[in-house]
Every structure is written in structure tokens, then in C-alpha cells.
Amino acid sequence: MIKTRSLRRQLLVMTFIVLLFISSLALWGAHIYANRTTKISYDRLLYGAALQMAENITLVNGKVIIDLPISAFETLSLSSSDRAFYSIMNTQYQVLTGYKDLPDIPFPQLIRESQQNQPIKPLYYESNYRGERVRFIILSKRLLEADKSKTVFVIVGQTMEARAKAAKEFNQIALQFVSVFFIITMLLLLFVIWQVLRPLQSIKQAITERSSLDLSALDIHVPSEIAPLVGSINYFMAQLDNTLQRLERFTAESAHQIRTPLAGLISQAQNALDEKDAALRKQQLENILESSQLLTQTVNQLLNRATLTHRFQSHPFSFLSLDELIKDTCRELVVWALEKHVEIAYVGDAKTNILGDEFALKQMLHNIIENAVKYSPEYGTVEVELMTQSTASNQALSNQATLQIRDQGVGVCDEDKLHIFEYFYRSADNVAAGSGIGLSIAKEVAEHHKATFHLKDNQPTGLIVEIVFLCVEESKQ
């Protein structure tokens, strides 16, 4: 059973995670911005109130006169839920007016900056006061009168309830906006994902609705990114259609080729049973044996071809020594050839390597050499020679190996050379027994290995079967 995962679900999950991450970042940024904005806004209120107080402090006859303006308190009262505190102190840190118990006043820093005879910049700090968190500001003002001068510090504080409430409201608005954005974006992306996956659904529907016998190419409009998938499906169906057509033709031809010798066997066996003449019966039995051997050869060839067809689609090539493979095949056939009074001679000492299927190549060599032996005259010789050469192709050096199998038989006329690779083809003047399959299988194996197959005339008589292979180095396998 094929394990599958929904592409739509994966896209939705990934989209949800991305949107959730973006929304979290947005909320985090909104939270930081809200706190910063409210802090700046309320700090400006504090600064405005402290500045108004400082502007109404004067020095008269060496005495500090403080006239706190109502507008300063009105500024602080803009935040109705907060309480305000203030204190005005001299450089001896004596409280001239206001709250006398304000906490955590940074006196060391005030002393250090006052000693530098520079105006103290507005200083903000937070502290707990009377059970609440309070934000304070300190401003310094230098009072001048004739040859006299004094410095006072204005400290103003305000509770932080209003600013916390404002920041919370801002965060709530941001949360609502992000939530609406998240929902709308998810809905839009759901629609987009549905639209994007529609071509895949159309491909599925187009394949599902067609007949199991319809292997024609799919003709549907799809996006350019999905077009290679449709092309691969069409290529696969074309290959499958071609394979089925070849299988259908081969099955029909094979059935005919098997029925014919079977019918002959039955007829000859029946005649042998009815024959009274012992010599004639012996001849009929020899004919039955010969027909049985031919039928066995034909069935074996058909089984080999079926095996090779399967291997062509399922077995990858491996690195092998072509010269050793040829020698092994010759050794396997040499005794059989000698029984037919034919010698197999392996000539040459070339060594080369190729990528290929050892089983298929052995079948090819068996068929060609057996065919050469069968058509050789008595006491003839079948020469097997492997040669190598280098040829320049596309500005790159590629090694080629040429295998020649030469017999001394009657040869093949030019007209028969055009049809000799067709299944079950036999020349009208061919008296030798055979199935007509061997060379067809050999040519298929050669083409599967991207090798070229040639037939040439031998001198003075006979046939040369030439196969040209592309060699490889072991490091390139």
C-alpha cells in the first residue's frame, strides 16, 4: 500500500505556522510600540508639569520664591485615574515645598552633575511610593540675582495606572487587528491553495475518467510548473502503449510459431503409429525428434526474450569486462560447436570495460555465435575478435570497442539483410532449422546497451556480425 500525505494539509499546516509566527512577531512589536508610545506621552506630561513649576520659581533678595501654577496640576490631571506628587528641593536636599518623603531620589548623580556646573538634564526614574508604582522626573533650575545664584531641584511624580491602561488598550486593538488579519489571510490562502491544486485534481480526473485501454497523451492545460509532470505521465503511457503493442504482436506471432510445430508433431506421431514399415517409421520418429528440438529451441528463445524484456526495465547496468565475458561465452559453446565439426576461435588480445547487463549480453553472444556455427560448413571456423579504437566525438575523446563474429557459411543476401532482424523471419531458401528469433533478440540487447549492430559480407564467403560498444573507465561507473 502506498503511503501518502495530503499536500493540501501540508500547505495549510505550513501556512498556519508561518502566519502564526508573523502574527506573534506583530503582536510582540505592537506591545513594545504601545509601551514605548505611552511612556513617551506620559513622560511629556510629567516634563511639562515640572517645567511649568520650574518657570515659576524665582530668587528675590537671596530667598527662593515659589509660586506653583495651577496649569501644572491641570496638566497632570489629564490622567484622571492617576495621582501626582511633587517636591522642590535646594542643593542641600532640603524640601522647600511639597512631599518630604519621596523615595529613591538619585542624590549621588545630582551631586556629581551639579559639581560640573552644568545644567542637569531631565532625569526619569521609577519607584514604589505609598503602595503604588510611580514614575518621577527631576529638573534642575539655576536661580540668578545680581551676584547671587542658587540651584533648586523640581521633582514631579505620577502613578502609572493610566499609562498601563493606555498600553493595554493599544495592545487589545493590535490583537483584534492581527486576529482579523490572520483569519482573512487564512481564508484567502485556503482559496489560493485550492486554486493552485486544481490542476492536479484535473489530471486525476482526466486519468480516472478514461478507459483502461486508452493510453493516448493527456491534453489538458496546466501551469508551467506542472507541465513536466504531465509530460512524464504522457511519456510513461506512450512507453506502456508501445510495450503492450509489441507484446500483443509478439504473443500472436509466438502462438502461431508454436502451434505450427505442435500440429506437425501430432501429425507425424499419428503417422508413426499407423506406419507398418519399420524403416519409414524410424524416419518419422527422427522427424518428430527434430521437430521437438526445434520447438524446444523456439520456446527457450521466447522465454529468454520475456526474461530480457523484464531485465531491460528492472536491472541497472554494472561494470564488467567485455573481453572476459566474450571468452567465457566462447568456452561454454566450444564443445557444442566441435560436436558439429566447427571450431570457435577467439583472436585478438584487446581488453576493455563497459557498463551493461551480463545476463543479457551473454544471451546476445550465445545467439550470434550459435547462429554462426549453425550456418558454417563442416570443419569450418567461427572467428570471434574484439578490437578497440579511439574516436573523437563532440570534442571529447571516447573509446569504442568493436566485436566481430565471422563465419564461413553461405552468407546473407542484401535483400534478406533488410528483414533478418524481424521476429520469425526466415529466408525462402534457408534450409537450416531455426526459430528466426535469435538475431532479433541479439539486436535488441545491443540497442539496449546503446551499441550499434551491423551485418557485413565476409570474404570469400560468409557473414560478419559487427557490434560497436562504448567503453568506460572504472572510475566513471
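Please read all numbers here as calculations on a predicted model, not as lab measurements.
Contact check for Asp104 versus Phe136: no side-chain heavy atoms found under the 4.5 Å cut-off. You'll find the side chain of Asn353 stays beyond 4.5 Å of the side chain of Leu320, heavy atoms only. At least one side-chain heavy atom of Phe453 sits less than 4.5 Å from a side-chain heavy atom of Ile368. Counting heavy atoms from C-beta on, the side chains of Gln176 and Phe181 never come closer than 4.5 Å. Using a 4.5 Å heavy-atom threshold, the side chains of Leu403 and Phe469 count as touching. Between His449 and Asp357, some side-chain heavy-atom pair lies under the 4.5 Å cut-off. Residues Leu143 and Val152 meet the side-chain proximity criterion, which asks for heavy atoms closer than 4.5 Å. Residues Tyr99 and Ile155 are not in side-chain contact: their nearest non-hydrogen atoms beyond the backbone lie 4.5 Å or more apart.
Put simply, the side chain of Asn90 gets close to the backbone of Tyr93: a donor and an acceptor are under 3.5 Å apart. Of the possible donor and acceptor atoms, none in the side chain of Asn371 sits under 3.5 Å from a partner among the backbone N and O of Asn367. Remark: side-chain polar atoms of Thr38 are paired, donor with acceptor, to backbone N or O of Asn35 under 3.5 angstrom. Between the side chain of Glu145 and the backbone N or O of Asn61 there is at least one donor-acceptor pair closer than 3.5 Å. No side-chain donor-acceptor contact under 3.5 Å links Thr208 to the backbone of Gln205. Side-chain N or O atoms of Lys450 include none that pairs as donor or acceptor with a backbone N or O of Leu470 at under 3.5 Å.
Distance check, rounded to the nearest 0.5 Å: CZ of Arg36 to CG of Asp43 gives 11.5 Å. Rounded to the nearest 0.5 angstrom, Ile32 CD1 and Leu27 CG are separated by 11.5 Å. The distance from the CE atom of Met53 to the OG atom of Ser71 is 9.0 Å, given to the nearest 0.5 Å. To the nearest 0.5 Å, atoms CZ (Arg135) and CE (Met160) are separated by 6.5 Å. Ile354 CD1 to Asp323 CG: the interatomic distance, rounded to the nearest 0.5 Å, is 10.0 Å. If you take NZ on Lys168 and CG on Asn171, they are separated by 10.0 Å, rounding to the nearest 0.5 Å.
Under a 4.0 Å N-O distance rule, the pair Lys443/Glu447 qualifies as a salt bridge. Looking at Glu132 and Arg83, a side-chain N of the basic residue comes within less than 4.0 Å of a carboxylate O on the acidic one, giving a salt bridge.
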Going by atom type alone, with no hydrogens or angles, which donor-acceptor pairs under 3.5 Å involve a side-chain atom of residues 11-22 and a protein atom two or more places apart or on another chain?
from	atom 1	to	atom 2	distance (Å)
Thr15	OG1	Leu11	O	2.6

Quiz: residues 326-333 side-chain donor-acceptor pairs under 3.5 angstrom, not counting sequence neighbours:
from	atom 1	to	atom 2	distance (Å)
Asp328	OD1	Arg331	NH1	2.7
Thr329	OG1	Leu325	O	2.9
Glu332	OE1	His366	NE2	2.9
Glu332	OE2	Lys362	NZ	2.8

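Side chains of Gln404 and Glu385: no donor on one and acceptor on the other come within 3.5 Å. Looking only at atom types and distance, the side chain of Tyr42 has no donor-acceptor partner in the side chain of Asp82 under 3.5 Å away.
Counted within 6.0 Å of CZ on Arg133, heavy atoms from surrounding residues, nucleotides or ligands total more than 12; the atom is thus considered enclosed. Atom CZ of Phe73 has more than 12 heavy atoms from other residues, nucleotides or ligands within 6.0 Å. Counting heavy atoms of neighbouring residues, nucleotides and ligands inside a 6.0 Å radius, atom CD1 of Ile40 exceeds 12 of them.
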Take Tyr33 and Phe170 through the test ring pair (Phe, Tyr, Trp, His ring centres under 6.0 Å) and record every step on the way to the result. CA-CA 9 Å; Tyr33 179 77; Phe170 190 92; 5.6 Å; yes

Kindly indicate, with the supporting measurements, whether the criterion side-chain contact (heavy atoms from CB on, under 4.5 Å) is fulfilled by Leu218 and Met237. CA-CA 9 Å; Leu218 293 174; Met237 289 198 296; 3.9 Å; yes

Give the intermediate values and the outcome of side-chain contact (heavy atoms from CB on, under 4.5 Å) for residues Val445 and Leu361. CA-CA 7 Å; Val445 174; Leu361 289 172; 4.2 Å; yes

Let's go through Val64 and Ile57 carefully: what are the C-alpha distance in whole Å and the side-chain angles of both, what is the deciding distance for side-chain contact (heavy atoms from CB on, under 4.5 Å) to 0.1 Å, and is it a yes or a no? CA-CA 7 Å; Val64 177; Ile57 301 175; 3.7 Å; yes

Working for side-chain contact (heavy atoms from CB on, under 4.5 Å), residues Met364 and Ile467: CA-CA 11 Å; Met364 178 192 73; Ile467 310 170; 3.8 Å; yes

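Heavy atoms only, all atoms of each residue included: Ala50 and Val154 are closest at O-CG1, 3.9 Å. Across every non-hydrogen atom of Gly62 and Lys148, the tightest pair is CA-CD, 4.4 Å. Nearest heavy-atom pair, Tyr129 versus Pro103, reported as atom, atom and distance to 0.1 Å: CD1-CD, 3.4 Å. Nearest heavy atoms, Leu46 versus Gly157: CD2-C, 4.0 Å. The minimum heavy-atom distance linking Thr151 with Ser140 is given by the pair CG2-CB, 4.4 Å.
The side-chain contact (heavy atoms from CB on, under 4.5 Å) with Thr185 is formed by just one residue from the set Leu187, Leu189, Leu188; it is Leu189.
In this structure, Phe191 and Trp194 have tilted ring planes: the angle between them lies in the 30° to 60° band.
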